[in-house]
Amino acid sequence: PSAQSLTTMVKYAVICASNQNRSMEAHNVLSKKGFNVHSYGTGTMVRLPGPAIDKPNIYPFGTPYTQNGLLSMLDRNRKIKEAPQRWADSVDMYDVIITCEERCFDSVFEGTWVQSSPQVTYPHRIDPCTDLANRGEESSKSTHLINVDIKDNHEDALLGGRAILQLAQMVSVKLFLLAFIWNELLTISPMALKRAQIEASKDIDNDIQTIIEKFAERHPTHPILHTIAYY
């Protein structure tokens with residue numbers, strides 16, 4: 001298999017409230033590294049700062065960036081996809097879902113069967129299935145639900161996007177070692193090769209707790225939650 005096929009074996013979704021700042025920055029950096037990633041918002045409408053604190057720009061999900069008067073501000077976003085997308089409207093299944101704040105975590109996972117990680121204090125709950133389970137409960141497909149807390153401003157979004165990229169590199173079955181052996185275009189140093197051998201995960205389910213712990217140690221300013229839910 002090629003480096004590209006190894007990268008795309010794990011399917012990611014990154015989610016914030018409006019699919020404009022934090023999730024789009026993570027979408028940007030992950031897509032540039034070849035990850036199979038989509039991004040969404042959990043709100044009912046897209047909200048962006050307006051001319052006054054009491055006059056935000058509010059418009060429906062699906063509105064192309066060229067129609068909301070903020071093209072220069074959203075130039076990065078429109079280069080990635082046509083319009084912000086609402087999580088509730090998505091139909092795809094993902095191996096890993098990463099949210100950027102706890103209220104989005106709750107919104108995405110409300111009503112699903114959730115198995116909490118031993119290292120994370122998060123209540124086990126079995127509620128009437130209203131979200132993920134409704135999308136294909138019969139498949140019994142598991143998904144890793146992760147929240148990386150990121151403040152909603154430009155600077156923190158940049159830092160948070162890089163942190164999520166590191167998390168994805170640790171979680172993904174992309175193996176820099178194999179890419180090196182198979183003479184792909186990727187060139188890595190001996191130090192990076194050694195680090196890849198340690199961190200690149202072949203088995204998400206078996207390795208996830210170690211990955212979460214390592215991430216929490218490296219990024220103490222980004223509190224992390226992890227649970228397992230089922231479609």
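Excluded from the calculations below are hydrogen atoms, water molecules and symmetry mates; all remaining heavy atoms, backbone and side chain alike, are included. Predicted model, so just to flag it, every value in this text is computed and none were measured.
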Candidate pair V108 and T42, rule side-chain contact (heavy atoms from CB on, under 4.5 Å), full reasoning: CA-CA 7 Å; V108 171; T42 57; 3.7 Å; yes
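- Residues I164 and C100 approach most closely at CD1-SG, 4.3 Å, considering heavy atoms.
- Proximity of Q209 to K214: side-chain heavy atoms (C-beta onward) are nowhere separated by under 4.5 Å.
- Hydrophobic side-chain contacts under 4.5 Å tie I58 into a cluster, directly or through other members, with M45.
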Verdict with supporting geometry, T143 and V96, side-chain contact (heavy atoms from CB on, under 4.5 Å): CA-CA 6 Å; T143 181; V96 180; 5.7 Å; no
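- Distance check, rounded to the nearest 0.5 Å: CD of E213 to CD1 of I224 gives 10.5 Å.
- The closest donor-acceptor contact from the side chain of D95 to the backbone of V10 lies at 3.5 Å or more, if one exists at all.
- Summarising the geometry of H226 relative to I146, their closest heavy-atom pair is CD2-CG1, 3.8 Å, with the distance given to 0.1 Å.
- Distance check: D89 CG to F61 CZ gives 8.5 Å after rounding to the nearest 0.5 Å.
- Applying the side-chain contact (heavy atoms from CB on, under 4.5 Å) criterion to E101, with sequence neighbours excluded, gives A17, R22, R103, C104, D149.
- Smallest separation of non-hydrogen atoms from F105 and L145: CE1-O, 3.9 Å.
- Here the closest non-hydrogen pair linking G160 and I150 is CA-CD1, 3.6 Å.
- Rounded to the nearest 0.5 angstrom, K32 NZ and L165 CG are separated by 11.0 Å.
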Full working for side-chain contact (heavy atoms from CB on, under 4.5 Å) between E25 and R76: CA-CA 8 Å; E25 179 58 29; R76 173 204 60 194; 2.8 Å; yes
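- When side chains are defined from C-beta on, R47 does not count as touching Y59, because their heavy atoms never get closer than 4.5 Å.
- Partners of S31 under the side-chain contact (heavy atoms from CB on, under 4.5 Å) rule, at least two apart in sequence or in another chain, are H27, V37.
- Taking every heavy atom of both residues into account, P84 and T63 meet most closely at CD-O, 3.7 Å.
- Among residues two or more places apart in sequence or in another chain, the side-chain contact (heavy atoms from CB on, under 4.5 Å) test is passed with A163 by F215, H219, H222.
- Grouped with L159 in a hydrophobic cluster is no other residue, since no side-chain heavy-atom contact under 4.5 Å to another Ile, Leu, Val, Met, Phe, Trp or Tyr is found.
- When all heavy atoms of F35 and Y12 are compared, the pair lying nearest together is CD2-CE1, 3.7 Å.
- In this structure, I208 CD1 and I228 CD1 are separated by 8.0 Å, a value rounded to the nearest 0.5 Å.
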Step-by-step side-chain contact (heavy atoms from CB on, under 4.5 Å) determination, M24 to I80: CA-CA 8 Å; M24 286 302 294; I80 297 173; 3.8 Å; yes
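- The line from CD1 of I15 to OH of Y40 is 8.0 Å long, rounded to the nearest 0.5 Å.
- How far CD1 of I212 is from CD of E217: 12.0 Å, rounded to the nearest 0.5 Å.
- In this structure, the side-chain hydrogen bond (donor to acceptor under 3.5 Å, both in side chains) partners of N19, at least two apart in sequence or on a different chain, are S23, S39, K81.
- Side-chain atoms of N77 come within 3.5 Å of backbone atoms of Q20 as a donor-acceptor pair (strictly under, hydrogens ignored).
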